[in-house]
Trainee: 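Got a structure for you, questions after.
Heavy-atom basis, side chains included; hydrogens, waters and symmetry copies ignored. These numbers were taken from a predicted model, which means no experiment stands behind them. Per chain, numbering begins at 1; letters A, B, ... match sequence-line order.
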Amino acid sequence: MPELPEVETIARALRQGGRLLDGRQTPSILGLEIQSGKLLWERSLAQPTPSELWQRLPGQRIQDINRRGKFIVLSLNRDHLLFHLRMSGDLYALPQPDVLPDYTRFLLDLSGGLRLVFADARKFGRIWLTQDPQTVLGNLGPEPLDERFTAADLFERLHARRRQLKPLLLDQTFLAGIGNIYADEALHLARLHPLRLSTSLSMEEVQRLWAATRHVLEEGIRRNGASIDWVYRGGDFQNSFRVYHRVGQPCPLCGTPIERIQVGQRGTHFCPYCQPLDRNETEIRSIPG
DNA sequence: CACGAGACCTGTTCGC
DNA sequence: TGCGAACAGGTCTCGT
């Protein structure tokens, strides 16, 4: 499910409350104390062992809640508790007496009668408890919405490697937080073909990609993320998709039917007219003769 | 270094 | 209607 805008929405809701879930507003868990908890699917816990986790967690307070890339970071008195939701995870606060939600893999009982629930149908999500969050987050690339991240930085990073744009945007060491939806949306807004080679972009094209990336992420956050299928609920950015999940439907710029190809085993959506591919701009795979 | 395939998992939707 | 295939917001590891 979640990419940067969805994870940002989830983190904000945990910090400030106010996420609408089944018609109810979820509460903030900032400042609450961890009393106990349960791990219902062992492999959801990446680090440390369950026994060490339950030895360390009780008594710590949730002092801060932030997002880095697609990670949610809870800062506790002595540790950091990190969550990655991967494809189908979600994280939210509920009143304690409630029945456990479907696919609950981990929960924390908190002071004030609240409960933090980590639900994850596909079991890909992971949890870490560590004193040093950098051991988990250390390889992430820059935050695309950080004001210190400039178009010149992006140009430099694109030209430091020689890769197709789409897989590069999905590479979390290149930029942190972009996933399949926002990569396709950004490339369309920037009018760049997903197979374009990173080293082929002019400064003007990089400027477009930089602005487009930030624009779609900001718009995603403003709309509380995108809700598709049964997984993440609460956002409505899906109503603004330009290309994602729109195969055969008209491009919003020119009306040409949107096409779908596979790039690095990911479904990739683009407008063949607005995002043309010049032979000189992509890798030549086979040398004749 | 870059790329593709396979793995990790379960649920929903599509096509015949 | 039924049933298997395809597909899904992500990332890691391995082989070429």
Trainee: CG of A/Leu85 versus C1' of B/dC9: gap in Å, rounded?
Mentor: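 The answer, rounded to whole Å, is 16 Å.
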Trainee: Show me the dot-bracket string of DNA chain B, counting Watson-Crick or G-U pairs under 3.5 Å, with | for pairs to another strand and [ ] for crossing ones.
Mentor: .|||||||.|||||||
Trainee: From the options B/dC9, C/dG9, B/dG11, select the nucleotide whose nearest atom is closest to the side chain of A/Phe124.
Mentor: B/dC9
Trainee: Could you work out the separation of C/dG9 and B/dC3 based on their C1' atoms and round it to a whole Å?
Mentor: 23 Å
Trainee: C/dG10 P sits how many Å from A/Ile228 CD1, rounded?
Mentor: 10 Å
Trainee: Does any N or O in the side chain of A/Arg105 come within less than 3.5 Å of the main-chain N or O of A/Asp120, such that one atom is a donor and the other an acceptor?
Mentor: yes
Trainee: Measure from the ring center of A/Tyr182 to the ring center of A/Phe237 and say whether it is less than 6.0 Å.
Mentor: yes
Trainee: Would you mind telling me which of C/dG9, B/dC3, B/dC8 lies closest to the side-chain atoms of A/Glu3?
Mentor: C/dG9
Trainee: Can you check whether A/Ala13's main-chain N or O pairs, donor with acceptor, with A/Gln16's side chain at less than 3.5 Å?
Mentor: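 Here the side-chain-to-backbone pair does not exist.
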Trainee: Check the distance between C/dG10's P and A/Leu169's CG and give it to me in whole angstrom.
Mentor: 12 Å
Trainee: Students often get this wrong, so: under 4.0 angstrom with heavy atoms, is A/Tyr182 touching a base, only sugar-phosphate, or nothing?
Mentor: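 A/Tyr182: no heavy atom of the nucleic acid under 4.0 Å.
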Trainee: Between C/dT1 and B/dG11, how many Å separate the two P atoms, rounded to a whole number?
Mentor: 23 Å
Trainee: Between C/dG9 atom P and A/Leu4 atom CG, what is the distance in whole Å?
Mentor: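 To the nearest whole Å, that distance equals 16 Å.
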Trainee: Reckon A/Arg162 has a side-chain N or O less than 4.0 Å from the OP1 or OP2 of B/dC1?
Mentor: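 Checking B/dC1 against A/Arg162, no side-chain N or O comes under 4.0 Å of OP1 or OP2.
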Trainee: Does A/Lys70 have a side-chain nitrogen or oxygen under 4.0 Å from the phosphate oxygens OP1 or OP2 of C/dG10?
Mentor: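 Looking at the OP1 and OP2 atoms of C/dG10, one of them is under 4.0 Å from a side-chain N or O of A/Lys70.
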Trainee: In whole Å, what is the span from the NZ atom of A/Lys166 to the C1' atom of B/dC3?
Mentor: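 The distance from NZ of A/Lys166 to C1' of B/dC3 comes to 15 Å, rounded to the nearest Å.
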Trainee: Taking atom types as they are modelled, would you say the side chain of A/Arg122 forms a donor-acceptor pair with the base of C/dA8 within the 3.5 Å cutoff?
Mentor: yes
Trainee: From C-beta outward on A/Tyr244, which listed nucleotide comes closest to its side chain: C/dA8, B/dG11, B/dC9?
Mentor: C/dA8
Trainee: Ignoring hydrogens and geometry, is there a side-chain-to-backbone donor-acceptor pair from A/Ser227 to A/Gly225 under 3.5 Å?
Mentor: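 No; judged by distance alone, with no hydrogens or angles, the pair does not exist.
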Trainee: Contact class for A/Arg126 vs. all strands (heavy atom < 4.0 Å): base, sugar-phosphate, or nothing?
Mentor: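 The answer is nothing, as A/Arg126 stays clear of every strand by at least 4.0 Å.
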Trainee: Counting side-chain heavy atoms from C-beta on, which of C/dT11, B/dT10, C/dG10 comes nearest to A/Asn180?
Mentor: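 Selected nucleotide: C/dG10.
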Trainee: Would you mind reading off the distance between A/Leu168 atom CG and C/dG10 atom P, rounded to a whole angstrom?
Mentor: 15 Å
Trainee: Given C/dG9, B/dC9, B/dC3, identify the nucleotide with an atom nearest to the side chain of A/Trp41.
Mentor: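 Shortest atom-to-atom distance from the side chain points to B/dC9.
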Trainee: For the backbone of A/Phe174 and the side chain of A/Arg157, can you confirm whether one donor and one acceptor N or O come within less than 3.5 Å of each other?
Mentor: yes
Trainee: Would the A/His193 and A/Phe270 ring centres measure less than 6.0 Å apart?
Mentor: yes
Trainee: Roughly how many Å is it from NE2 in A/His84 to C1' in C/dC12, rounded to a whole number?
Mentor: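 In whole Å, C/dC12 C1' and A/His84 NE2 are 11 Å from each other.
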Trainee: Any sub-3.5 Å donor-acceptor pair from A/Arg208's side-chain atoms to A/Ala190's backbone N or O?
Mentor: yes
Trainee: What's A/Gln265 touching, base or sugar-phosphate or nothing? Going by heavy atoms closer than 4.0 Å.
Mentor: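 Base contact.
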Trainee: Using whole Å, what does the distance between atom P of nucleotide C/dG10 and atom CG of A/Leu140 come to?
Mentor: 14 Å
Trainee: How far, in whole Å, is B/dC9 from C/dA6 if one measures between their C1' atoms?
Mentor: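 Going atom to atom, C1' in each nucleotide, I get 16 Å.
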Trainee: Heavy atoms under 4.0 Å, any strand shown: does A/Arg105 hit a base, just sugar-phosphate, or nothing?
Mentor: nothing
Trainee: Compare side-chain N and O positions of A/Arg86 against OP1 and OP2 of B/dA7 and report whether any pair is under 4.0 Å apart.
Mentor: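 Checking B/dA7 against A/Arg86, no side-chain N or O comes under 4.0 Å of OP1 or OP2.
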Trainee: Is a side-chain donor or acceptor of A/Gln60 paired with a backbone partner of A/Asp79 at a separation under 3.5 angstrom?
Mentor: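 Yes, A/Gln60 side chain to A/Asp79 backbone: donor-acceptor pair under 3.5 Å.
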Trainee: Would you say the base of C/dG9 stacks on A/Tyr232 (centre-to-centre below 5.5 Å, plane angle below 30°)?
Mentor: no
Trainee: When the nearest nucleotide of DNA chain B is assigned to A/Ala121 and to A/Val263 on a heavy-atom basis, which residue is associated with the more 5' position?
Mentor: A/Val263
Trainee: Can you tell me, in whole Å, how much space there is between the C1' of B/dC8 and that of C/dC3?
Mentor: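 Here B/dC8 and C/dC3 have their C1' atoms 25 Å from each other.
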Trainee: Going by the rule ring pair (Phe, Tyr, Trp, His ring centres under 6.0 Å), which residues pair with A/His159 if we only count those two or more places apart in sequence or in a different chain?
Mentor: A/Phe155
Trainee: Would you say a side-chain N or O of A/Arg266 is under 4.0 Å from OP1 or OP2 of C/dG10?
Mentor: yes
